[in-house]
Structure formats: C-alpha cells, structure tokens
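This report concerns only the one structure given below.
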Amino acid sequence: MIRYAKPTTVDEALALLGEGAWRILAGGTDFYPAQGSKPFRDNVLDINGLTALRGIAETDSHWVIGARTTWTDLLRHPLPPAFDALKQAAREVGSAQIQNVASVVGNLCNASPAADGVPALLILDAEVELRSAAATRLLPLPDFILGNRRTALRPGEMVTAIRMPKPAGTSAFVKLGARRYLVISIAMVAARLVVEGGIVTDAAIAVGSCSAVAKRLAGVEAALRGLAADCGLADAVQSAPMAELSPIADVRGSAEYRLDAAGEIVARALLTAAGPMNDHMVAA
C-alpha cells in the first residue's frame, strides 16, 4: 500500500523518514512533471505543512534559508548586494506562478545541471543542512550535489536549510537560453566581486549547464584578484583557464558553443557585478 503523509512538525517528518523510504514533496513543480502519467510506486512525504522551515533568518555569522522558502519569498526579503545574483536567478526559475510555490532547496535536491539557483549559491559559499532523527550534518554545496540528479542525501535524511557565511561584495547572474523567458539554460554564470579602492580583492565565479554539476572557476577567480575593476576584467577572462568545465552537446547547443558562450557571459556577469558604470559594456 502506498502511504501519503503531511506532517506538521519537523520532528514528525524526521520520525517518518526514519521508518522507511519516502519521496519528499515540497513545492511539487518538479515532482509532478517527473511523475507524469505513471502510477505512484513510492510513499509520499508532503512537507508543505512544515511552516517552521519557511523563511530567511540572519544570525551573527550566517544567512539561513529554510527548506520551504520559495523563490518569491527570497525575492521579497531584504538581502545585501552579494545576494543580487541569487535574486536575479530567482526571476529565471520558470514563471511567477512557479516562483510562488517552488522552493530554493527543491532546486538543489532536483540536482539538474541546469538548476538556476546553484551557481548563485556556489558563489555565496553555501552549505546544506541535512537532518535525520538521529543527527544533523552540514555539507558544502559542492559535496551535496554529486552529479546529474544525484545528491549526498542519506536514507532517513532531509534538507532543512541552506546556510551562507555573511558574504561581502556585489554580484550578478547572466543566463543564456534559446529565448528570453521560460527556458532551460544553455549556459549561466553567477559572479561576485569584492572591490576595495577600485581593485578586485576577491572574486567568486560559478558556471552552470556546462558540466554535470555547476562549477566554481578557480583559475578565473585567481586571475582577477589584484586587477582594476574595469573593462579589463573581460580581457582577463578570455585568457584565464576554465578547465573545470566539460560541456556536452545536446539539442540546446554544442559543447564548443557552450564553452565560447561561458567565456562571454562570465565577462558580462563580472562587468555587471563591478558596478553601474559598466552597464553599457554589458549591453554591448
């Protein structure tokens, strides 16, 4: 017999997860399309009643996004400029109706290479909070998403929050698709810059849809540190290594096109993050 449960407390949900195998239903925007017309074969644990997991909190050292927080919740919450890339990504997650119900954590657990939220969370050094009835553990985001549709979730666990150390700087997100809206990415980039006295003191760049999981570009980040925060950043990107990327060819684009596009939109994201004075360069 297939079971359906809708707990109202986190402890109740964790107790149920400890009893056997469940498919977790959050917003449902990926759950139902993946199910299609097939009959249900798995127990369904509906966590939409867990109001304690919805919302964004600030601690002395971190920002914490609860597992039931929607993309619309994120867009409406006042956050520092380092989160601008994440808010820009939020506007790319389907339509407004999808954003109203889809959760930020669900975007991670779905583990699609084209998940819009992952690059923006990577540049914030996000870590994932996983709880079971027995323990709580924290995993850096790169250790949580293991591959296409694969995560490090263990039996009996659920993600309860995303935690980010309070980030400095400003950020931007650029997405390339076959059309402007409601599209799966060909490539996408999130970039965060810390600029002091007109010089880049720190940089974080992540690219999605160009490898099995979104990747930080350590070589590009290193090449940018110490440079003036001006249009020269784009030139530095063109000569910096992007060995982390391993794009595939599919109906949306060839591997070669994705690599070329990644370099271009990394430069655009950086120029946007560097400041309003560069908006004309991004448009060009």
Side-chain angles (χ1 to χ4, degrees), residues 3 5-31 34 42-71 73-74 77 83 86 89-90 93 101-113 115-167 206 208 212-216:
R3 298 176 65 191
K6 189 175 183 179
T8 57
T9 68
V10 176
D11 287 342
E12 183 185 354
L14 296 177
L16 287 166
L17 284 170
E19 295 175 0
W22 295 82
R23 283 183 67 194
I24 295 179
L25 168 63
T29 57
D30 286 315
F31 184 99
D42 304 309
N43 298 327
V44 177
L45 184 67
D46 184 342
I47 65 168
N48 285 293
L50 302 184
T51 56
L53 296 185
R54 185 166 183 176
I56 299 172
E58 181 182 7
T59 71
D60 289 341
S61 59
H62 285 76
W63 287 94
V64 182
I65 300 175
R68 278 293 300 118
T69 304
T70 68
W71 290 105
D73 294 336
L74 176 77
H77 196 89
F83 283 81
L86 186 58
V93 180
V101 294
S103 66
V104 181
V105 165
N107 196 242
L108 301 187
C109 293
N110 194 41
S112 165
D116 290 314
V118 177
L121 288 166
L122 283 173
I123 65 167
L124 294 170
D125 297 317
E127 58 185 6
V128 181
E129 179 184 277
L130 302 104
R131 287 184 59 186
S132 67
T136 300
R137 62 188 180 117
L138 295 172
L139 277 182
L141 181 53
D143 295 337
F144 175 70
I145 301 178
L146 302 179
N148 185 11
R149 311 292 181 178
R150 295 192 300 115
T151 72
L153 267 172
R154 296 171 180 168
E157 280 187 332
M158 65 180 289
V159 178
T160 48
I162 307 168
R163 295 166 48 88
M164 291 138 294
K166 289 187 173 178
V213 297
K215 295 285 189 178
R216 285 276 294 266

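Residues take their numbers from the sequence shown, with the count starting at 1.
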What closest approach, in Å, do [X] and [Y] show between heavy atoms, and which atom pair accounts for it?
X      : Y      : result
Val213 : Leu146 : CG1-C, 4.0 Å
Ala120 : Ala89  : CB-CB, 4.4 Å
Pro165 : Asp125 : CD-O, 3.5 Å
Ile123 : Arg216 : CA-NH1, 4.1 Å
Leu50  : Val10  : CD2-N, 3.9 Å
Val118 : Ala214 : CG1-CB, 3.7 Å

ask   = Can you tell me if Asp42 uses its side chain to pair, donor with acceptor, with the backbone of Arg23 under 3.5 Å?
value =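 Between the backbone of Arg23 and the side chain of Asp42 there is no qualifying donor-acceptor contact (under 3.5 Å).
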request  = May I ask you to decide if Pro142's main-chain N or O and Lys215's side chain share a donor-acceptor pair within less than 3.5 Å?
outcome  = no
Kindly compute the distance separating [atom1] ([X]) from [atom2] ([Y]), expressed to the nearest 0.5 Å.
X      : Y      : atom1 : atom2 : value
Leu25  : Asp30  : CG    : CG    : 11.0 Å
Trp22  : Arg3   : CH2   : CZ    : 4.0 Å
Trp63  : Leu86  : CH2   : CG    : 12.0 Å
Arg131 : Leu138 : CZ    : CG    : 11.5 Å
Arg163 : Glu129 : CZ    : CD    : 6.5 Å
Leu108 : Ser103 : CG    : OG    : 8.5 Å

Heavy-atom distance under 4.5 Å between the side chains of [X] and [Y], does that happen here?
X      : Y      : answer
Met158 : Leu53  : yes
Asp143 : Glu127 : no
Ile24  : Glu157 : no

key: Identified side-chain contact (heavy atoms from CB on, under 4.5 Å) counterpart of Val128 within the set Thr160, Val159, Leu121, Leu153   = Val159
message = Looking only at side-chain N and O atoms, does Asn110 offer a donor or acceptor that is under 3.5 Å from a partner on Arg149?
response = yes
message = Would Ile65 and His77 count as a side chain to side chain contact (heavy atoms under 4.5 Å, CB included) here? Give the steps.
response = CA-CA 11 Å; Ile65 300 175; His77 196 89; over 6 Å; no
